[in-house]
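Notes follow the structure.
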Amino acid sequence: MRADILTIFPGFFRGPLEHGITRRACEMGLATIEVHDLREFTHDKHRTVDDRPFGGGEGMVLKPEPLFECLESLGLAPREERIAGRAKQSVILLSAQGQRFTQKVAAELAALDRIVLICGRYEGVDERVADFLADRELSIGDYVLSGGEMAAAVVIEAVTRLLPGALGNEASARQESFTAQAEKKKIEGADSTCGSGGLLDYPHYTRPAEFVGMNVPEVLLSGNHEEIRRWRHQRALEKTLRNRPDLLDGAQLSDEDNKLLAAIRERWAAQAESPD
Ligand code: SAH
């Protein structure tokens, strides 16, 4: 995959792209990431990338010309081809007003040949970029950042680790939080015994088995794989119910799971009644 990032702060990406799996994916040739400085696509002495908003109001707005010119230089397929899915490319504007970036979207993007990430700044980007240049707007969450760079780094990291071969161990991706059955099937060689099925991941422990009086759950030391699988699944259910009950609506739950959830709720209710 090739990713292009359009930004007024190209130096920002030195950190995020030079560590961990993203760096390894680049070194292995699975991903090529190019960062483009929007100021290089300006033609005035001050290399101006922003201007005052029409209609008045606070702050500045990123001008459209450098963005259109930079994108033009990338030689992408026409926008209609990209939007129709005939070209495996997507031009994405990072925006608090965008659709939510989720693991599902990350998997969709990981299947493309090319993504372009446009980072806004100031009050945002001239709306003609969203209307005529970008194929979609993505938000990484319901909060406002000062720029799209951090969001672009999040998208790059979530996507590159899904590229086949990037994790070194394909099994790692299949059992993680949010990974639904359908996406797991796409990851080759995945077996479905441990998949998260749209739940949060189960808890992980490593050595030492006892650490200043805190013990690793006995079952994990038992060597009984079926018991371990069941325990992990129960804990994933419990954690999802506690931290993200909204995910349960979209998760693949068996009758057994629903019984377990009912039991957990009962246990919590009983605990709430007798606080000790
Ligand atoms: N006035 C805008 C916020 C602009 S913040 C609003 O209220 O919606 C400046 C830039 O930061 C945006 O153009 C966008 O590129 C980026 N940004 C801010 N919040 C973001 C989020 N939640 N997800 C992705 N990008 C975001």
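Note that ligands are numbered from 1 as they come in the structure, with each ligand's atoms numbered from 1 the same way.
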- Item | Contacting atoms of ligand 1, where contact means under 4.0 angstrom from a heavy atom of Ser146 | 9 (C), 11 (O)
- Message: Need the ligand 1 atom indices (1-based, order shown) with element for anything under 4.0 Å from a heavy-atom of Gly124.
- Response: 13 (O)
- Query: Do Arg100 and Ile140 have side-chain heavy atoms sitting under 4.5 Å apart?
  - Reply: no
- Could you check which of Asp142, Leu62, Val144 puts a non-hydrogen atom nearest to atom 3 (C) of ligand 1? Val144
- So which heavy atom in the protein is nearest atom 25 (N) of ligand 1, and how far is it from that ligand atom? Ser95 N, 3.4 Å
- Per-atom filter on ligand 1: closer than 4.0 angstrom to a heavy atom of Gly148 are 11 (O), 15 (O), 16 (C)
- Among Tyr143, Phe101, Tyr122, whose heavy atom sits nearest atom 22 (N) of ligand 1? Tyr143
- Message: Could you measure the distance from the CD1 atom of Ile8 to the CG atom of Leu62? Nearest 0.5 Å is fine.
- Response: 5.5 Å
- Task: Could you tell me whether Glu226 and Arg229 make a salt bridge, using a distance below 4.0 angstrom between a side-chain N and a carboxylate O?
- Result: yes
- Query: For the atom pair CD1 (Ile92) and CG (Leu6), what is the distance rounded to the nearest 0.5 Å?
  - Reply: 11.5 Å
- Item | Polar contact flag for Leu94 and ligand 1 (N/O pairs, less than 3.5 Å) | yes
- Using a strict 4.0 Å threshold on nitrogen-to-oxygen distance, state whether Arg52 and Glu58 make a salt bridge. no
- The closest protein heavy-atom partner of atom 2 (C) of ligand 1 is Glu123 O, 3.5 Å
- Item | Atoms in ligand 1 flagged as close to Gln97, the criterion being non-hydrogen separation under 4.0 Å | 2 (C), 6 (C), 8 (O)
- Item | Asp44, Asp50, Asp51 screened by side-chain hydrogen bond (donor to acceptor under 3.5 Å, both in side chains) with Thr48, the one that passes | Asp44
- min-distance protein heavy atom vs atom 26 (C) of ligand 1 -> Ala96 N, 3.7 Å
- Message: Need the ligand 1 atom indices (1-based, order shown) with element for anything under 4.0 Å from a heavy-atom of Ala151.
- Response: 24 (C), 25 (N)
- Query: Considering only the protein, which heavy-atom contact is closest to atom 5 (S) of ligand 1, and what is its distance?
  - Reply: Leu145 O, 3.1 Å
- Message: Membership question, hydrophobic clusters at under 4.5 Å side-chain separation (ILVMFWY): are Ile83 and Leu109 in the same one?
- Response: no
- Message: So which atom in Ala31 and which in Leu163 form the shortest heavy-atom distance, rounded to 0.1 Å?
- Response: CB-CD1, 3.9 Å
- Message: Does any N or O of ligand 1 fall below 3.5 Å from an N or O anywhere on Ile140, backbone included?
- Response: yes
- Below 4.0 Å from any atom of ligand 1, is there a heavy atom belonging to Leu138? yes
- Could you check which of Gly120, Ser139, Gly147 puts a non-hydrogen atom nearest to atom 13 (O) of ligand 1? Gly120
- Query: So do the side chains of Arg79 and Leu133 get within less than 4.5 Å of each other, counting heavy atoms only?
  - Reply: no
- Item | Distance-only polar pair, side chains of Glu69 and His43, donor-acceptor under 3.5 Å | yes
